Asks: 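Pasting a structure here, questions to come.
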Protein chains: 2
Amino acid sequence: MSACGEHDACTERALQWAEQICQEQGLRFTTLRRRVLEIIWADHAPTKAYDILAQLEQEHASAKPPTVYRALHFLLEHKLIHKLDSQNAYVGCSHPLEHEACYFLICKRCHVVVECCGRALDQAISDSAIAHNFSRQKTTLEISGECEACLQQ
Amino acid sequence: MSACGEHDACTERALQWAEQICQEQGLRFTTLRRRVLEIIWADHAPTKAYDILAQLEQEHASAKPPTVYRALHFLLEHKLIHKLDSQNAYVGCSHPLEHEACYFLICKRCHVVVECCGRALDQAISDSAIAHNFSRQKTTLEISGECEACLQQ
DNA sequence: AACATAGTTGTTACATTATAACATTACATA
DNA sequence: TATGTAATGTTATAATGTAACAACTATGTT
Ligand SMILES: [Zn+2]
Ligand SMILES: [Zn+2]
Ligand SMILES: [Zn+2]
Ligand SMILES: [Zn+2]
């Protein structure tokens, strides 16, 4: 499920972003890391680590769990992907350049994940943390339900 | 870590709630389920399933993973506990009677979890879902950072 | 009391998700 | 080319969670 007219463009854009970010920061965007990012960007649904492994194995005989998890750690660290804790699965980041607090709308039917970055909601979260004298460091916000397209069926 | 003056009172209250809720709904609050709830309520930190198992084993020779997970499923189903997806761990529900959308402040230092239920933040989440024509069914909101007590040290 | 029933627990086995530890290889650059 | 660092290969294992079926327990009905 892609939820976008031209998904090749999404993938292309994500890979170019990754290339650019790695270049700017002197990071090595190796074949393996690129391939894992491509697999994750095959669609807009969350991808499981062991499904990535299954794909990698077909083209890369030495692929093992650490192969995949290392690539995932690299991509997470540099915010090229996100982990959805409620699903134990990974999605490509939709806007790695301008990175703020983001949250996810996850469709239970078509599995499309939309990444949102609204200042309003982010502010509401900060306000609540402040009200509890809590110093906010990391936020996990994942909303599952049904997307517009699925509701219209 | 308890984050409350009189933690025995927290536990006592939680067990009585559970008793009452099960009675009202014709559910069986068995020894095993009560014991798992007690273990979770030993403090305000998230508890891991296999740590519960380790405790149960000492007093209940036949305890195995399904023993624990069944009790957890029961307690989750009836909203006596919550699972924190960002930690793979479980906490007692602080207000099982008046249950609305809730979210969690998780202290990285002392591990105390505070469950919050603010209408304002809940509304902001709904607004955002509506803005994306998304039908919201389940929300995971977990904020990790440092609590007031730890910040003052 | 005997029986039927549904719910709970026991038991074994396994699936899924993730990491530790150490060896080897590739890459940059001096 | 030597040398150090980062990346990958390799083996093993840890951590989290479920399937499937057997045995038991509580409860209500004949
Ligand atoms: Zn797309
Ligand atoms: Zn959908
Ligand atoms: Zn307490
Ligand atoms: Zn704290």
Side-chain angles (χ1 to χ4, degrees), chain A residues 18-19 21-40 45-78 80-91 140 142, chain B residues 18-19 21-40 45-78 80-91 140 142:
Chain A
E19 204 105 51
I21 286 169
C22 290
Q23 173 127 44
E24 285 170 5
Q25 303 183 28
L27 306 168
R28 288 168 56 188
F29 193 48
T30 62
T31 313
L32 211 46
R33 291 166 174 173
R34 160 184 282 270
R35 188 70 192 103
V36 169
L37 187 56
E38 276 173 13
I39 291 170
I40 289 172
T47 309
K48 296 269 182 178
Y50 276 76
D51 290 343
I52 295 170
L53 177 56
Q55 288 210 50
L56 266 191
E57 274 170 342
Q58 298 180 9
E59 48 198 67
H60 190 92
S62 73
K64 296 279 178 309
T67 316
V68 169
Y69 282 103
R70 283 171 184 152
L72 290 174
H73 289 319
F74 174 87
L75 298 170
L76 285 168
E77 185 177 1
H78 301 294
L80 299 170
I81 62 172
H82 297 287
K83 178 175 183 186
L84 299 182
D85 285 326
S86 64
Q87 325 269 318
N88 289 329
Y90 304 82
V91 286
T140 298
E142 299 168 20
Chain B
E19 204 105 51
I21 286 168
C22 289
Q23 174 127 43
E24 285 171 6
Q25 303 184 28
L27 306 168
R28 289 169 53 190
F29 192 49
T30 63
T31 312
L32 211 47
R33 289 165 176 174
R34 160 184 281 272
R35 189 68 193 105
V36 169
L37 187 56
E38 277 174 12
I39 291 170
I40 289 172
T47 309
K48 296 268 181 179
Y50 276 76
D51 289 343
I52 296 171
L53 178 56
Q55 288 210 50
L56 267 191
E57 275 171 341
Q58 300 182 7
E59 45 197 73
H60 190 92
S62 73
K64 295 278 179 310
T67 316
V68 169
Y69 282 102
R70 282 169 184 155
L72 290 174
H73 290 320
F74 175 87
L75 297 169
L76 284 168
E77 185 178 1
H78 301 294
L80 300 170
I81 62 172
H82 298 288
K83 178 174 184 186
L84 298 183
D85 285 326
S86 64
Q87 324 269 318
N88 289 329
Y90 305 82
V91 285
T140 297
E142 298 167 21

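Chain naming here is simple, since letters A, B, ... match the order of the sequence lines and numbering starts at 1 in each. Since we're looking at a predicted model, the values are computed, not measured.
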Asks: Tell me: CG of B:Asn88 to P of C:dA18, nearest whole Å?
Replies: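 These atoms are roughly 8 Å apart.
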Asks: Using a cut-off of strictly less than 4.0 Å, decide whether A:Lys48 has a side-chain nitrogen or oxygen near OP1 or OP2 of C:dT17.
Replies: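 True: A:Lys48 side-chain N/O within range (under 4.0 Å) of C:dT17 OP1/OP2.
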Asks: Take atom CG of A:Leu72 and atom P of C:dA18, then tell me their distance rounded to the nearest Å.
Replies: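 Computing the A:Leu72:CG to C:dA18:P distance gives 8 Å.
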Asks: Shortest non-hydrogen contact from B:Ile52 to B:Ile39?
Replies: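 Nearest pair, atom of B:Ile52 first, then B:Ile39: CG1-CG2, 4.0 Å.
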Asks: With heavy atoms under 4.0 Å as the rule, sort B:Tyr90 into base, sugar-phosphate or nothing.
Replies: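 If one applies the 4.0 Å heavy-atom cut-off, B:Tyr90 turns out to touch the sugar-phosphate alone, with no base involved.
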Asks: Nearest-Å distance, NZ (A:Lys64) to C1' (C:dA18)?
Replies: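 Those two atoms, NZ and C1', are 16 Å apart.
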Asks: Applying side chain to side chain contact (heavy atoms under 4.5 Å, CB included) to A:Leu37 and A:Phe29, what does each step give before you reach the verdict?
Replies: CA-CA 10 Å; A:Leu37 187 56; A:Phe29 193 48; 3.9 Å; yes
Asks: May I have the distance from B:Lys83 (atom NZ) to C:dT17 (atom P), rounded to whole angstrom?
Replies: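 Taking atom P of C:dT17 as the reference, NZ of B:Lys83 is at 11 Å.
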Asks: Check for me: is A:Tyr50 stacked on C:dT16 by the 5.5 Å centroid and 30° plane-angle rule?
Replies: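 Per 5.5 Å and 30° rule: no stacking.
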Asks: Measure across A:Val91 and A:Pro46 and return the closest heavy-atom pair with its distance rounded to 0.1 Å.
Replies: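 Heavy atoms only, the tightest pair is CG1-CA, 3.6 Å.
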Asks: Step by step, work out the side chain to side chain contact (heavy atoms under 4.5 Å, CB included) result for B:Glu59 and B:Arg35.
Replies: CA-CA 10 Å; B:Glu59 45 197 73; B:Arg35 189 68 193 105; 2.4 Å; yes
Asks: For A:Gln25 and A:His78, work out which heavy atoms get closest and say how close.
Replies: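 Nearest heavy atoms, A:Gln25 then A:His78: OE1-ND1, 4.0 Å.
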Asks: What closest approach, in Å, do B:Val68 and B:Ala49 show between heavy atoms, and which atom pair accounts for it?
Replies: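 For B:Val68 and B:Ala49, the tightest heavy-atom pair comes out as CG1-O, 3.6 Å.
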Asks: Can you give the first and last nucleotides of DNA chain D, 5' to 3', that have an atom under 4.0 Å from a heavy atom of chain A?
Replies: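 Contacts span D:dA7 to D:dT11, reading 5' to 3'.
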Asks: Specify the closest pair of heavy atoms between B:Arg28 and B:Phe74, including all atoms of both residues, with the distance to one decimal.
Replies: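 So the two residues come closest at O-CZ, 4.0 Å.
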Asks: Would you kindly give the CG-to-P distance between A:Leu84 and C:dA18, to the nearest whole Å?
Replies: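 Computing the A:Leu84:CG to C:dA18:P distance gives 12 Å.
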Asks: Is atom CD of B:Glu57 surrounded by more than 12 heavy atoms (other residues, nucleotides or ligands) closer than 6.0 Å?
Replies: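 Enclosed: over 12 neighbouring heavy atoms sit under 6.0 Å from CD of B:Glu57.
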Asks: Respond yes when some side-chain nitrogen or oxygen of A:Tyr69 is under 4.0 Å from OP1 or OP2 of C:dT19, and no when none is.
Replies: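 Answer no for this pair, as no side-chain N or O of A:Tyr69 is under 4.0 Å from OP1 or OP2.
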Asks: Testing the basics here: between B:Leu56 and B:Val36, what is the closest heavy-atom pair and its distance to 0.1 Å?
Replies: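 Answer, listing the atom of B:Leu56 first, then B:Val36: CD1-CG2, 4.1 Å.
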Asks: Produce the list of close N/O pairs, under 3.5 Å, pairing protein atoms with atoms of nucleotides 6-10 of chain C; give distances to one decimal.
Replies:
residue: C:dT8; atom: OP1; partner: B:Arg33; partner atom: NH1; Å: 3.0
residue: C:dT8; atom: O5'; partner: B:Arg33; partner atom: NH2; Å: 3.4
residue: C:dT9; atom: OP1; partner: B:Thr30; partner atom: OG1; Å: 2.8
residue: C:dG10; atom: OP1; partner: B:His60; partner atom: NE2; Å: 3.3
residue: C:dG10; atom: OP1; partner: B:Ser62; partner atom: OG; Å: 2.8
residue: C:dG10; atom: N7; partner: B:Arg70; partner atom: NH1; Å: 2.9
residue: C:dG10; atom: O6; partner: B:Arg70; partner atom: NH2; Å: 2.3

